[in-house]
Amino acid sequence: MRKKNILNAPFVAEMKKTAANMYRLGWDERNGGNISYMLDEKAVGEYLDLKKVLRVIPLMGVNAANFDIAPLIGKIFIVTGTGKYFKNVEDDPAVNLGVVRIVKDGVELLWGFADGGRPTSELPTHLMSHMARLGVDTLNRVVIHSHPTHTLAMNYVHELDEKKFTHTLWEMCTECIAVFPDGVGILPWMLCGTDSIGKATAEKMKEFRLVVWAMHGIYGAGRTMDEAFGLIETVEKAAQIYMLTAHLPRINTIKDEQMIELAELFKCDYRADFLDLKG
Ligand code: 2HA
Ligand code: ZN
């Protein structure tokens with residue numbers, strides 16, 4: 001059967017739109033940030049001959065063979081490329097994106113990276129995060145890494161304690177507790193692009209859909225692009241309000257009882273242990 005044009009595929013459109021939004025929001029300067037999106041093999045098969053492998057690419061990252069990829073073998077992802085700019089994804093998806101299938105020691109390129117490019121250097125972290133999230137939620141599909149401005153700024157002036165950091169974010173917008181009731185995990189500053197940060201991120205991902213990399217950025221995971229993007233967007237909004245107000249006298253705040261009321265109304269399974277800062 002004749003294949004459809006992949007440039008018209010909904011999953012390519014989602015990648016283009018998300019990268020463009022993130023760039024315009026100022027979260028992904030230069031080559032900052034990366035996205036991976038696990039695709040349905042049948043959907044990809046409408047656009048690509050799945051038997052046609054363009055190149056085999058070893059996993060990027062330091063000591064990248066040092067983790068067990070077995071649960072993802074055969075899975076297909078669309079990913080952003082290493083050194084590629086989010087700014088350019090929309091105009092040239094075939095160079096800046098790739099569709100890859102996971103094999104034992106790397107990935108098979110099925111489409112994209114047309115200039116000889118490779119997947120993001122954070123691919124090991126993304127894959128380990130996918131495995132961790134799939135262990136919690138079999139419907140998880142998307143992992144996004146980004147450098148949102150106010151979230152990063154907040155890293156420099158707020159204690160990097162998961163309970164205190166989450167609580168502050170929950171205080172900044174009424175609906176924060178309903179959007180990320182599971183809170184925000186935090187890793188200390190670590191060298192990026194390595195298996196160590198990948199393993200540490202994945203450990204956090206068993207508990208949180210959001211993981212802050214101190215003084216670097218944030219990871220968000222979800223069932224859809226909207227969910228992963230919306231989580232990061234909501235943290236960033238809350239962090240912006242924090243940064244606009246942290247140096248001013250605080251006259252009003254959202255109280256724990258009010259957060260509980262909202263979480264109960266929306267029937268959210270929230271981290272009750274992240275409330276009550278005095279306790
Ligand atoms: O790929 O954001 O953490 C660029 C990055 C690395
Ligand atoms: Zn980064």
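Keep in mind that this is a model prediction, so the values were computed, not measured.
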Determine whether [X] and [Y] make a side-chain contact, defined as any pair of heavy atoms from C-beta on separated by less than 4.5 Å.
| X | Y | value |
| --- | --- | --- |
| V107 | L123 | yes |
| Y270 | M259 | no |
| V143 | Y37 | no |
| V142 | T224 | no |
| K204 | L187 | yes |
| V235 | F180 | yes |

Expected output: side-chain K163 to main-chain D273 donor-acceptor under 3.5 Å: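 Yes; judged by distance alone, with no hydrogens or angles, the pair exists.
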Check for a donor-acceptor pair, side chain of E162 on one end and backbone N or O of I186 on the other, with a separation under 3.5 Å.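 Yes.
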Taking atom types as modelled and ignoring hydrogens, do the side chains of [X] and [Y] form a donor-acceptor contact shorter than 3.5 angstrom?
| X | Y | value |
| --- | --- | --- |
| H167 | D276 | no |
| S146 | D28 | yes |
| H130 | S36 | yes |

Which residues pass the ring-ring contact (aromatic ring centres under 6.0 Å, His included) test with [X], sequence neighbours left out?
| X | value |
| --- | --- |
| F274 | none |
| Y242 | H158 |
| H150 | none |

Kindly indicate, with the supporting measurements, whether the criterion salt bridge (charged side-chain N to carboxylate O under 4.0 Å, His left out) is fulfilled by E90 and K16. CA-CA 5 Å; E90 192 168 29; K16 281 164 49 180; over 6 Å; no
Looking at every heavy atom in both [X] and [Y], which two are closest together, and how far apart are they?
| X | Y | result |
| --- | --- | --- |
| W170 | P181 | CZ2-O, 3.5 Å |
| F113 | N96 | CE2-O, 3.7 Å |
| T82 | P119 | CB-O, 3.4 Å |
| S129 | A202 | N-CB, 4.2 Å |
| M131 | D68 | CE-O, 3.3 Å |
| A263 | I177 | CB-CD1, 4.2 Å |

Test side chain to side chain contact (heavy atoms under 4.5 Å, CB included) applied to F86 and N31, step by step: CA-CA 7 Å; F86 271 29; N31 63 321; over 6 Å; no
[X] with [Y]: basic N within carboxylate O range, under 4.0 Å:
| X | Y | answer |
| --- | --- | --- |
| K267 | E264 | no |
| K255 | E171 | no |
| R271 | E207 | yes |

Of all residues at least two apart in sequence or in a different chain, which pass the side chain to side chain contact (heavy atoms under 4.5 Å, CB included) check with [X]?
| X | result |
| --- | --- |
| N5 | L7, N8 |
| K75 | M38, L72, F77 |
| D115 | K84, V95 |
| L25 | W27, F229 |

Centroid separation F11 to Y47 less than 6.0 Å: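 Yes, they do, as the ring centres are separated by less than 6.0 Å.
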Side chain to side chain contact (heavy atoms under 4.5 Å, CB included) between V89 and L97: does it pass, once the steps are laid out? CA-CA 7 Å; V89 171; L97 301 176; 3.9 Å; yes
Let's go through T168 and E159 carefully: what are the C-alpha distance in whole Å and the side-chain angles of both, what is the deciding distance for side chain to side chain contact (heavy atoms under 4.5 Å, CB included) to 0.1 Å, and is it a yes or a no? CA-CA 10 Å; T168 298; E159 269 182 82; over 6 Å; no
Pairs flagged by side chain to side chain donor-acceptor pair (under 3.5 Å) wherever residues 213-222 is involved - sequence neighbours left out: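 As it turns out, the side chain to side chain donor-acceptor pair (under 3.5 Å) pairs with a partner in residues 213-222, which skip direct neighbours, are H145-H216, H147-H216, T201-W213.
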Sequence neighbours left out, what pairs pass salt bridge (charged side-chain N to carboxylate O under 4.0 Å, His left out) with at least one residue falling in [range]?
| range | result |
| --- | --- |
| residues 39-59 | K4-E46 |
| residues 230-249 | none |
| residues 125-152 | D137-R223 |

Quick one: which of L109, L54, I6 gives a side-chain contact (heavy atoms from CB on, under 4.5 Å) with V99? I6
R101: which residues meet the salt bridge (Lys or Arg N to Asp or Glu O under 4.0 Å) condition with it, sequence neighbours left out? E108
Give the cluster check for V212 versus L191: same hydrophobic cluster or not, with ILVMFWY residues linked at side-chain heavy-atom distances below 4.5 Å. yes
